[in-house]
Amino acid sequence: MTLSQNDQKKLLAVKAASFVEYGMLLGLGTGSTVDIFISTLGEKFGSLKDLEIVPTSLDSAHKASKLGIKVLEPKMDLKPDLLIDGADEVASDLSMIKGGGGALLWEKIVAQNSKKRIYMADSTKLVRELGHFLLPIEVVLFGHEWTHNDLKKTFSFVSIRRTVAGEIFKTNSGNVIYDCQITDGIEIGVLDTDLCQIPGVITSGLFYDFIDVLLTVQNENIIEICEPKDVFW
Ligand code: 5RP
């Protein structure tokens, strides 16, 4: 029997919660897997009022504070001990696409400043090479149509993200997102650096070399992956 995606997310959330100890400052990711993780923390610790987090989105901040978790702003001498976050796609070299929920910029800033980073990815997210999921790129609102033209020089398909109501989607920092198709021949290792040469680009949802521990599921078992040599897909 194979587990449903949601059951896998529950398993992953329970495992991720086992890494959390009282007194830790937690970087809190964004997305449906993280939402399950937040409820799992409640089951593990009972009261959450002594937990402190730095959020990666207003959505996560809101959900955490509703549960009584203390939400802290990023500060110079305040580095999360542990970041727990989800992923949209993870390749066999452990490069990753994030930003399906639009939180890529804050997710990357918090990840960059966390002492240890754990990502949860159910088996539907595992791929040989990135590119099934469109790569989100966060772009400054000013001149974004010109930036769109620049992105078209690199990607075969580029589309501005919209809300269900058809409005242009705005990130928590007031920027827009272009979802882009990675195609063969694009060198993943230098892509982020290359994209940041375009003046309107803030960052991309390409997370290269960010994973300390990847939690995933194989045959109903949780697998912990720390290096590409442990990859089974
Ligand atoms: C949000 C993200 C999420 O981590 C990613 O979209 C995974 O979400 P989910 O757990 O709902 O599958 O990058 O910007």
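When a ligand or atom number is given, it counts from 1 through the structure's own listing order.
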- Test ring-ring contact (aromatic ring centres under 6.0 Å, His included) applied to F210 - qualifying residues, sequence neighbours left out: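 ring-ring contact (aromatic ring centres under 6.0 Å, His included) list for F210, sorted by chain: F207.
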- Scan side-chain atoms only and decide if D179 and S159 contain a donor-acceptor pair under the 3.5 Å cut-off.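 Distance-only check fails for D179 and S159.
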- Query: Which pairs count as ring pair (Phe, Tyr, Trp, His ring centres under 6.0 Å) when at least one residue sits in residues 31-54, sequence neighbours excluded?
  - Reply: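 Every pair satisfying ring pair (Phe, Tyr, Trp, His ring centres under 6.0 Å) with a residue in residues 31-54: Y22-F45.
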- Sequence neighbours excluded, every pair satisfying salt bridge (charged side-chain N to carboxylate O under 4.0 Å, His left out) that has a member inside residues 21-44: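 Non-adjacent pairs meeting salt bridge (charged side-chain N to carboxylate O under 4.0 Å, His left out): D35-K63.
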- Kindly say whether T56 contributes a backbone atom to a donor-acceptor pair with the side chain of S60 at under 3.5 angstrom?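 Not a single qualifying donor-acceptor pair exists.
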- Every residue of the protein that comes under 4.0 Å of ligand 1, judged on heavy atoms: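 For ligand 1, the contacting residues are K9, T30, G31, S32, T33, D85, G86, A87, D88, K98, G99, G100, G101, G102, A103, E107, K125.
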- Query: Are L105 and L206 grouped together when hydrophobic residues (ILVMFWY) are joined by side-chain heavy atoms under 4.5 angstrom apart?
  - Reply: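 No, L105 does not connect to L206 through the hydrophobic network.
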